[in-house]
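Keep in mind that the numbers below use all heavy atoms, side chains included, and drop hydrogens, waters and symmetry copies.
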Amino acid sequence: MKHHAMIVGLATLAGVCMLTTGGQAQAIKPGINVDGRPAADTSAAGYQIPAERQGPEFMVPFFTGKIYPTPHDAKYLDEWIPLGKTGIVPGAGVKKDDARLAVLLERIVRYGGSVKILDAAKDSRDVDSYICVGAGAEADKLCVDKPPARPEGFLLDAGQLEGKPAAVVKGHDSLGLLWGITALNQMITRQDGKTVLKKTAARDYPDAPGRRCYPAMGEPNAEAAWFSIQCMRPNWVQYRGRSGLGLGVGQQREFVDDPKTYPIWQENVRKAAALLAPLGITWSDMTGRMGDPTKHPGVGRPVIRSKSDDGFQALLSRAKFCEEHGGHLFLNDDDFRFPIHPDDARDFGTAREADVYFLNKFMAALKKDCPSAKLFWCPPCYVGPVSELSEHIGESHEGYLKAMGERLPPDVLIAWAGPRVKSAKEKPEYLQWITGLIKRPPVFWQNAVGPRETFYPYDTDPVTQWPDWYYPGFLDGLAFLFINHNAMLVNMTLFDFMWNPGKYDAQRSIVEAGKKVVGPEAYPKFAAFYKLLEKMDEYGLYKPTALAARNLEDVKAKTARLRTAYDELLKLSPDAVQWTQAPSFMRVRESYLKRLIATPDFMELTKADEEVRAMAARETGADPKADIILAPGDFQSKRPSMHYKWKDMDRRYVTWINGRESGLSSLTASFRLKDIPLGEWELVICGLDHNAKPPCRIRITVNGNEVFDGENKLQFTAWSRQTIPMPAKFLRGNDNQLTIENLEDSDAIGGPPWFMVNYVVLRPAADAAQVQKEAKECAPN
C-alpha cells in the first residue's frame, strides 16, 4: 500500500475535529468535498476533515448499497435522506467532541454534506434532515427499540423527526455505537450531485465479540488503522512488521545505544494512541528482547539474555509508555530465541527457566507502576502439537509451554500459530492441547492463508479457508485472532467471517470487499487485472525461474497485458487502488521481467538444473544424451524451485508438493522421445520424504498411466532414491507427460505432509537397453 504523509489519526477525531455549538464555527482550514475541492460551507457547518486525511483515497468504503461485514438482519429501503444540511443530535453519553461522533461527521463532510451539532432537533429548523446518535428521547421518537443485547450490538433505523427525514443509530455498548456509525457511513453516498443517506433498518452484532485483530504492518501506518475502523471493525490493532511504531526486532538495541531514537518512537505511540484510544480500540506495538549489542555467534539475530539489565530497562520503559497511552507492548521472541545465549545456558540451564525468570520479573516491575498492564507475548514455542519443534530447539516445547502456563501471571497474553508454523485446518484437540498447557485462551496467529507463492490469496480470490479451517466454536476459545499479513481485502473477509460466520459466503465476501475498496464501477477492471496476474503464477513471483527463461517472450507479453489492465484500472480508481495489493504486484511483475532479461544468457537460471542433471548422471549412471533426466526446473508448479538443506545433508536444488487439499499437491513435467520405446523401462526418483510418520503417500503417472501409488520409499534424513519398474507401453514416441501427486489428506501448506523431488530419471531397464540397441541396429537405413 502507498504510504502517505504521516497521519495524525482520529485524534484528530477527538482533539482536532472542529465542531460547533449553536452555530459558532471554529474551523481552521477548509474541508475537502467529494470532488476534491474545498467545501465552501464547511466552516459554517462546523467540521473540517483533518489535513492528513483530505486525500481522495479516504473516500473508502465506497457505496454498494449494502453493509459490510455482512449483518445478521438488515433491510435496505429504496428511499433517501438528504444530507446537504444535517442536524446531528447526540444521545446519552455522547459528547459533542466524542471521537465516535466525529467518524460520522467526517464521512458526511467528505461526501459533500454539512453538519451542525444540536442539543435537540427543535433547536434548529435550518437543516434538511436529522441523525440521532445514541439512545435518548430524540432517538426514541424515531425508534423505541433497543439494540441487540449482545456485546458490540447496534441498531439502525429511519423515520421522521420534526417533520423531516431522519436516521437513528443506537449501540448496546460503546463499541456497538461505533460500529453502528461505521455501518451508517456505508449508506452515505452522492446521487445526482447531492449527498444522501440510503434508509436502512438493521439489528446487528458480532458472533465473535472482542476477538478481531488487525495487523497494521509497515511504517507507523495510522492510515491502515483508519481503514480498518471504516471497513473491518477491529477490537485490537497490532502494530507490527519491520518497524512497528518505530523500531523493529532488528533495531531495538538502538533504544540502548542511540537514545535519540526513543523520542521518535514515543511520538509515533502518541499518534497511535490518539487514533485508537478515544474510540475504545485496544492497540499494541511489537518489539523483541534486547541484550548485549554483540550478535550471537553464527546466528545473526538479536541475542536474548534474561539477566541483561540495560535491555530489561529499555523494554520496561517502552512498555510503561504504551500503557500510559492506552496500549500494550507486544514482545515478540518468535524465532529469535534459539539457540539460547551461552549466558542463559550458564545461568538457567534452559530457555524455559530463563524466560520464566525474565517475564515474571518484567511483569512485576511493569505492574508496580501500571496495575492494569498486559503483555502480549509470542513465545519461541508457538506451535504444536503435531510439530517436531522439540527436536530442533533441544528442549521439550511442551514442557516450556506448560511452565509458562503454570508460572506466568494471567495478564501475559500468549500467541499460538496452531499445530504447525503455517497451520490450516484446526481441530478441537489442538486448541485443547495449547489451552491446557498455557492455562489461558491463546492469541491465534494465522501465519498463512493460501497456497500461492506468497502463502496469501490475491485480492480477488474467494477466501474459503475461514469456514474450512475454523470449526464451530474455535473462535470462542481464543483471546483474539489475526493473520500475519496486512492485505486489506483478505483481512476484510476474515472480519466478515468472524462477524457473522453463519452468513459467510467466500465469493460474495471478496467481491463485496473489493467493491467497497476500489468502487463498484472499477471492480470488473480490478478482477481482470488479477486474472492476468494469475496466469503468470507458473513462473514464480519473485525469483526468475528456468521455466520463465525458456519462455521469455511469453513472460514479456503477459507482463505487457498486465500493465495495460493496471493502467485501465487506475483510470477508474486511481487513489483507492492504493489500499489493495495491485500496485505492489504490478511492481513485482515488472521487476521480475527486468531481472529475467538482465540475466546473461539465462545461465544463472539454468545452471542449477544443469548441475542437478550432472549429479543424476553420476549417481544413477544415466546417459544424459539417451536417457530422460528431469530437474526441478522442468516441472510446472505454483511455486518456484529452491535450494534446500537440513542438518548434515548436502544442499540440493528441489521442488516439492504438499497434501492434496493444499492447492500445491502436484508436479507435472513434459519430455520427448525420438524413438518408440521397447521392452521394460524404469523410473528413478531422488528426493526426500517428510520428517513425519508414516511416509508420505504419492502417485506417479506417465501419460495418465499409473506407475506408482503408495508410501514412498525415500528417507527423511538423507537424500535417497527409489527405482520403480515401468512398462514401455506407457510411453510414446513423441510428447510425454509425467505427473507426481501427493495423496495425503491435508491442506497444510507448511510442514508435513510433503514430498520433495531432486530429480527423476526415466530410462530403459538393464535388459531393455540391450533390446533397444538391437532394434536400432536392425532397423532399415
Side-chain angles (χ1 to χ4, degrees), residues 19-25 31 33-34 39-47 63 65 67 73-98 100-147 154-171 177 180-204:
L19 310 180
T20 65
T21 302
Q24 297 299 312
N33 69 12
V34 71
D41 63 348
T42 298
S43 294
Y47 177 82
F63 176 81
I67 296 171
D73 180 21
K75 296 180 177 62
Y76 307 105
L77 308 178
D78 194 20
E79 299 178 45
W80 303 85
I81 298 174
L83 300 180
K85 295 180 180 180
T86 307
I88 306 295
V89 185
V94 182
K95 296 182 179 180
K96 295 176 181 179
D97 62 351
D98 193 303
R100 297 168 300 170
L101 188 62
V103 173
L104 173 62
L105 305 185
E106 181 170 321
R107 177 74 175 189
I108 294 172
V109 172
R110 190 184 305 282
Y111 272 75
S114 64
V115 291
K116 182 180 291 187
I117 310 299
L118 307 171
D119 292 321
K122 63 182 178 60
D123 290 346
S124 176
R125 301 301 176 115
D126 187 25
V127 295
D128 300 325
S129 59
Y130 299 97
I131 299 179
C132 295
V133 181
E138 298 285 58
D140 287 345
K141 292 178 183 179
L142 283 167
C143 178
V144 297
D145 293 349
K146 294 182 179 180
F154 67 83
L155 169 155
L156 301 182
D157 218 321
Q160 293 280 321
L161 188 62
E162 297 292 326
K164 295 180 180 180
V168 60
V169 53
K170 298 180 182 180
L177 183 60
I181 289 170
T182 61
L184 189 73
N185 280 351
Q186 293 185 29
M187 296 294 101
I188 296 173
T189 187
R190 295 276 289 184
Q191 192 176 73
D192 299 325
K194 297 179 181 179
T195 308
V196 293
L197 167 67
K198 187 178 181 68
K199 285 187 177 182
T200 304
R203 274 69 176 161
D204 204 9

Salt bridge (charged side-chain N to carboxylate O under 4.0 Å, His left out) pairs, two or more places apart, involving residues 129-138:
E138-K141
[X] side chain to [Y] main-chain N or O, any donor-acceptor pair under 3.5 Å?
{"X": "R107", "Y": "I188", "result": "yes"}
{"X": "T195", "Y": "Y111", "result": "yes"}
{"X": "Y47", "Y": "L105", "result": "no"}
{"X": "K85", "Y": "S114", "result": "no"}

Please step through salt bridge (Lys or Arg N to Asp or Glu O under 4.0 Å) for the pair K75 and D157, ending with a clear verdict.
CA-CA 9 Å; K75 296 180 177 62; D157 218 321; over 6 Å; no
Looking at residues at least two apart in the chain, or sitting in another chain, which of them share a side chain to side chain contact (heavy atoms under 4.5 Å, CB included) with [X]?
{"X": "A74", "result": "P71, Y76, A202"}
{"X": "A183", "result": "I67, F154, L156, R233"}
{"X": "D192", "result": "none"}

Check [X] against [Y] and note the closest heavy-atom contact, atom names and distance.
{"X": "S124", "Y": "L118", "answer": "CB-CD2, 3.5 Å"}
{"X": "A121", "Y": "V89", "answer": "N-CG2, 4.2 Å"}
{"X": "A139", "Y": "G134", "answer": "CB-O, 3.3 Å"}
{"X": "C132", "Y": "L142", "answer": "SG-CD1, 3.9 Å"}
{"X": "V196", "Y": "W80", "answer": "CG2-CE3, 3.5 Å"}
{"X": "I108", "Y": "I88", "answer": "CD1-CD1, 4.2 Å"}

Run the side chain to side chain donor-acceptor pair (under 3.5 Å) test against [X] and tell me which residues pass, sequence neighbours left out.
{"X": "K199", "result": "E79"}
{"X": "D73", "result": "none"}
{"X": "S129", "result": "none"}
{"X": "D128", "result": "none"}

Which distance, rounded to the nearest 0.5 Å, do you find between the [atom1] of [X] and the [atom2] of [Y]?
{"X": "I81", "Y": "L184", "atom1": "CD1", "atom2": "CG", "result": "8.0 Å"}
{"X": "L177", "Y": "L104", "atom1": "CG", "atom2": "CG", "result": "9.5 Å"}
{"X": "T200", "Y": "Q186", "atom1": "OG1", "atom2": "CD", "result": "10.0 Å"}

Apply side-chain contact (heavy atoms from CB on, under 4.5 Å) to the pair L101 and I117, showing each step before the final yes or no.
CA-CA 10 Å; L101 188 62; I117 310 299; 4.2 Å; yes
Here the side chain to side chain donor-acceptor pair (under 3.5 Å) pairs for residues 160-169, sequence neighbours left out, are R125-E162
Any non-hydrogen side-chain atom of T182 less than 4.5 Å from a side-chain atom of V103?
yes
Given the rule in the side-chain contact (heavy atoms from CB on, under 4.5 Å) test, do K198 and T189 qualify, once you have shown the distances and angles that lead to the verdict?
CA-CA 8 Å; K198 187 178 181 68; T189 187; over 6 Å; no
I131/L83 under side-chain contact (heavy atoms from CB on, under 4.5 Å): CA gap, chis, key distance, verdict
CA-CA 9 Å; I131 299 179; L83 300 180; 4.1 Å; yes
Pairing residues for D140 by the salt bridge (charged side-chain N to carboxylate O under 4.0 Å, His left out) criterion, not counting sequence neighbours:
K170
Quick one, T86 with L197, criterion side-chain contact (heavy atoms from CB on, under 4.5 Å). Give me CA distance, side-chain angles, the key distance, then yes/no.
CA-CA 11 Å; T86 307; L197 167 67; over 6 Å; no
